[in-house]
Amino acid sequence: MPHSHDRQAGADNTYAAVFDAVRRIPAGRVTTYGRIARLIGRPRAARQVGYAMHRCPSGLPWHRVINAQGRISLPAASTAALAQRRRLEEEGVVFIGGKVDLDRFGWPDRD
DNA sequence: CGGTTGACTTTCG
DNA sequence: GCGAAAGCCAACC
(Lines give C-alpha, C1' and ligand atoms only; values in the text may rest on other atoms or scores of the structure.)
Protein backbone atom coordinates (compact mmCIF):
# COMPACT_ATOMS: atom_id res chain seq x y z
CA MET A 1 0.00 0.00 0.00
CA PRO A 2 1.15 3.57 -0.59
CA HIS A 3 2.17 5.82 2.27
CA SER A 4 -0.74 7.35 4.08
CA HIS A 5 0.46 10.93 3.74
CA ASP A 6 -0.46 10.68 0.06
CA ARG A 7 -4.02 11.20 -1.11
CA GLN A 8 -6.25 8.22 -0.63
CA ALA A 9 -5.88 5.67 -3.39
CA GLY A 10 -3.07 7.45 -5.20
CA ALA A 11 -3.36 9.15 -8.55
CA ASP A 12 -2.22 6.06 -10.44
CA ASN A 13 -5.19 4.10 -9.15
CA THR A 14 -7.69 6.77 -10.08
CA TYR A 15 -7.98 5.84 -13.74
CA ALA A 16 -8.08 2.14 -12.95
CA ALA A 17 -10.81 2.73 -10.40
CA VAL A 18 -12.84 4.78 -12.88
CA PHE A 19 -12.47 2.21 -15.63
CA ASP A 20 -13.35 -0.60 -13.26
CA ALA A 21 -16.48 1.20 -12.12
CA VAL A 22 -17.53 1.79 -15.72
CA ARG A 23 -17.03 -1.88 -16.57
CA ARG A 24 -19.37 -2.77 -13.71
CA ILE A 25 -22.28 -0.91 -15.31
CA PRO A 26 -24.71 -3.50 -16.68
CA ALA A 27 -26.00 -3.20 -20.23
CA GLY A 28 -29.22 -1.23 -20.45
CA ARG A 29 -28.26 0.95 -17.50
CA VAL A 30 -26.51 4.31 -17.29
CA THR A 31 -24.69 6.24 -14.61
CA THR A 32 -23.33 9.73 -14.17
CA TYR A 33 -19.82 11.10 -13.92
CA GLY A 34 -20.56 12.33 -10.44
CA ARG A 35 -21.82 8.94 -9.30
CA ILE A 36 -18.64 7.25 -10.50
CA ALA A 37 -16.58 9.93 -8.79
CA ARG A 38 -18.37 9.14 -5.56
CA LEU A 39 -17.88 5.40 -6.03
CA ILE A 40 -14.13 5.79 -6.29
CA GLY A 41 -14.00 8.02 -3.23
CA ARG A 42 -13.71 11.40 -4.98
CA PRO A 43 -17.19 12.98 -4.84
CA ARG A 44 -15.85 16.27 -6.26
CA ALA A 45 -13.83 14.78 -9.10
CA ALA A 46 -16.64 14.34 -11.61
CA ARG A 47 -14.74 16.32 -14.22
CA GLN A 48 -11.77 14.02 -13.94
CA VAL A 49 -14.08 11.08 -14.58
CA GLY A 50 -15.03 12.78 -17.81
CA TYR A 51 -11.38 13.35 -18.54
CA ALA A 52 -10.73 9.67 -17.93
CA MET A 53 -13.52 8.84 -20.36
CA HIS A 54 -11.74 10.83 -23.04
CA ARG A 55 -8.71 8.61 -22.46
CA CYS A 56 -10.70 5.41 -22.00
CA PRO A 57 -9.32 2.14 -23.34
CA SER A 58 -11.13 0.29 -26.10
CA GLY A 59 -13.68 -2.22 -24.94
CA LEU A 60 -14.84 0.04 -22.15
CA PRO A 61 -18.60 0.69 -22.14
CA TRP A 62 -18.05 4.45 -21.94
CA HIS A 63 -21.41 5.06 -23.62
CA ARG A 64 -23.18 4.12 -20.36
CA VAL A 65 -21.78 7.21 -18.67
CA ILE A 66 -23.80 10.41 -19.05
CA ASN A 67 -24.18 13.63 -17.06
CA ALA A 68 -26.39 14.33 -14.06
CA GLN A 69 -29.06 15.87 -16.27
CA GLY A 70 -29.53 12.55 -18.03
CA ARG A 71 -28.05 14.07 -21.17
CA ILE A 72 -25.10 13.04 -23.30
CA SER A 73 -22.24 15.29 -22.30
CA LEU A 74 -20.88 15.77 -25.80
CA PRO A 75 -21.82 18.14 -28.63
CA ALA A 76 -25.09 16.74 -29.96
CA ALA A 77 -23.77 16.92 -33.51
CA SER A 78 -20.58 15.01 -32.75
CA THR A 79 -20.07 11.51 -34.06
CA ALA A 80 -19.33 10.25 -30.57
CA ALA A 81 -22.58 11.62 -29.18
CA LEU A 82 -24.64 10.03 -31.94
CA ALA A 83 -22.85 6.71 -31.48
CA GLN A 84 -23.40 6.87 -27.73
CA ARG A 85 -27.11 7.47 -28.09
CA ARG A 86 -27.46 4.72 -30.69
CA ARG A 87 -25.64 2.19 -28.50
CA LEU A 88 -27.73 3.04 -25.47
CA GLU A 89 -30.95 2.71 -27.45
CA GLU A 90 -29.74 -0.66 -28.70
CA GLU A 91 -29.39 -1.70 -25.07
CA GLY A 92 -32.95 -0.63 -24.36
CA VAL A 93 -32.31 2.80 -22.86
CA VAL A 94 -35.08 5.23 -23.77
CA PHE A 95 -34.41 8.87 -24.61
CA ILE A 96 -37.22 11.28 -23.88
CA GLY A 97 -36.72 14.79 -25.19
CA GLY A 98 -33.05 13.95 -25.70
CA LYS A 99 -32.71 12.90 -22.08
CA VAL A 100 -32.58 9.63 -20.16
CA ASP A 101 -34.73 9.15 -17.08
CA LEU A 102 -32.05 8.42 -14.49
CA ASP A 103 -34.69 7.34 -12.01
CA ARG A 104 -35.47 4.38 -14.26
CA PHE A 105 -32.19 3.61 -16.03
CA GLY A 106 -29.70 4.94 -13.50
CA TRP A 107 -27.20 2.63 -11.84
CA PRO A 108 -26.79 1.72 -9.07
CA ASP A 109 -30.51 1.40 -8.77
CA ARG A 110 -33.07 -1.25 -7.95
CA ASP A 111 -32.68 -4.61 -9.62
C1' DC B 1 6.38 24.51 -11.38
C1' DG B 2 2.20 27.41 -12.64
C1' DG B 3 -1.57 28.76 -15.60
C1' DT B 4 -5.15 26.59 -18.70
C1' DT B 5 -8.41 23.23 -19.78
C1' DG B 6 -12.44 20.30 -19.54
C1' DA B 7 -17.09 13.79 -21.98
C1' DC B 8 -19.01 17.75 -14.47
C1' DT B 9 -22.34 19.45 -10.81
C1' DT B 10 -24.95 22.68 -8.38
C1' DT B 11 -27.05 27.08 -7.63
C1' DC B 12 -29.32 31.24 -9.11
C1' DG B 13 -32.25 34.32 -12.07
C1' DG C 1 -37.56 24.04 -17.40
C1' DC C 2 -33.47 26.58 -19.30
C1' DG C 3 -29.36 29.37 -19.68
C1' DA C 4 -25.54 31.66 -17.17
C1' DA C 5 -22.16 31.66 -13.38
C1' DA C 6 -19.48 29.73 -9.82
C1' DG C 7 -17.10 25.86 -7.61
C1' DC C 8 -13.88 21.71 -7.98
C1' DC C 9 -9.95 18.85 -9.12
C1' DA C 10 -6.56 16.32 -11.76
C1' DA C 11 -4.34 16.16 -16.35
C1' DC C 12 -1.88 18.95 -19.82
C1' DC C 13 1.40 22.14 -21.78
Side-chain angles (χ1 to χ4, degrees):
Chain A
M1 68 162 269
H3 270 170
S4 46
H5 84 304
D6 220 348
R7 291 172 210 170
Q8 310 184 25
D12 53 279
N13 283 359
T14 306
Y15 271 36
V18 170
F19 296 148
D20 186 56
V22 173
R23 288 193 196 96
R24 284 163 41 188
I25 307 170
R29 297 281 180 90
V30 297
T31 195
T32 68
Y33 302 94
R35 194 117 33 154
I36 291 177
R38 184 186 297 250
L39 284 177
I40 66 175
R42 287 187 166 81
R44 313 292 165 158
R47 297 185 92 159
Q48 276 50 255
V49 175
Y51 207 101
M53 286 297 95
H54 186 69
R55 303 267 73 198
C56 72
S58 69
L60 192 80
W62 57 270
H63 57 280
R64 295 179 191 145
V65 185
I66 59 180
N67 64 32
Q69 301 178 354
R71 267 199 158 289
I72 290 174
S73 233
L74 287 162
S78 69
T79 308
L82 295 174
Q84 180 170 21
R85 174 167 180 163
R86 191 182 71 251
R87 288 192 191 189
L88 288 176
E89 289 178 329
E90 283 182 311
E91 294 182 351
V93 177
V94 179
F95 282 77
I96 301 175
K99 292 190 288 190
V100 175
D101 186 349
L102 289 173
D103 193 48
R104 285 164 46 80
F105 297 103
W107 179 86
D109 204 325
R110 61 209 129 167
D111 293 316

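Chain naming here is simple, since letters A, B, ... match the order of the sequence lines and numbering starts at 1 in each.
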* Asked: In the 5'-to-3' direction, what one-character label does each nucleotide of nucleotides 2-8 of chain C receive under the scheme B = base within less than 4.0 Å of a protein heavy atom, S = sugar-phosphate only, - = no such atom?
  -> S----BB
* Asked: Taking atom CZ of R86(A) and atom CZ of F95(A), what is their separation to the nearest 0.5 Å?
  -> 12.0 Å
* Scan residues 18-39 of chain A for pairs that pass ring-ring contact (aromatic ring centres under 6.0 Å, His included), counting only residues two or more places apart or in two chains. => Y15(A)-F19(A)
* Whichever of Y51(A) and I66(A) has its nearest DNA chain B nucleotide further upstream toward 5' -> Y51(A)
* From R104(A) CZ over to L102(A) CG, what is the distance, rounded to the nearest 0.5 angstrom? -> 11.5 Å
* Asked: Which part of the nucleic acid, if any, lies within contact of S78(A), taking any heavy atom under 4.0 Å across all strands shown: a base, the sugar-phosphate backbone alone, or nothing?
  -> nothing
* Structure fact -> I72(A) CD1 to dT9(B) P, in whole Å, measures 14 Å
* Structure fact -> Interatomic distance, CD@Q84(A) vs CD1@I66(A), rounded to 0.5 Å, equals 7.5 Å
* Take the protein atom CE of M53(A) and the nucleotide atom C1' of dT9(B), then report the distance between them rounded to whole Å. => 17 Å
* Would you indicate which nucleotide in dT9(B), dA10(C), dA7(B) comes nearest to any side-chain atom of T32(A)? => dT9(B)
* Asked: Quick one: R35(A) CZ to dT9(B) C1', roughly how many Å, whole number?
  -> 13 Å
* Structure fact -> Separation between CD1 (I36(A)) and CE (M53(A)), nearest 0.5 Å, reads 5.5 Å
* **Heavy-atom side-chain contact between R24(A) and P108(A) under 4.5 Å** => no
* Structure fact -> With sequence neighbours left out, the residues meeting salt bridge (Lys or Arg N to Asp or Glu O under 4.0 Å) with R85(A) are E89(A)
* **Distance in angstrom units between R71(A) CZ and dT10(B) P, rounded** => 17 Å
* **Pairs meeting criterion salt bridge (Lys or Arg N to Asp or Glu O under 4.0 Å) with involvement of residues 73-84 of chain A, two or more places apart** => none
* Nearest whole angstrom, please: distance from the C1' of dA10(C) to the CD1 of I40(A). => 11 Å
* Asked: When you measure from every atom of DNA chain B, which of residues 54-65 of chain A have a heavy atom less than 4.0 Å away?
  -> H54(A), W62(A)
* Asked: Y33(A) OH to dT9(B) P: how many Å, rounded?
  -> 8 Å
* Contact list for residues 54-67 of chain A, test side chain to side chain donor-acceptor pair (under 3.5 Å), sequence neighbours left out -> H63(A)-E91(A), R64(A)-E91(A), N67(A)-S73(A)
* Structure fact -> Quick note, A68(A) side chain, CB onward, closest among dA11(C), dC9(C), dT10(B) is dT10(B)
* What is the distance from OH of Y15(A) to C1' of dA7(B), rounded to the nearest Å? -> 12 Å
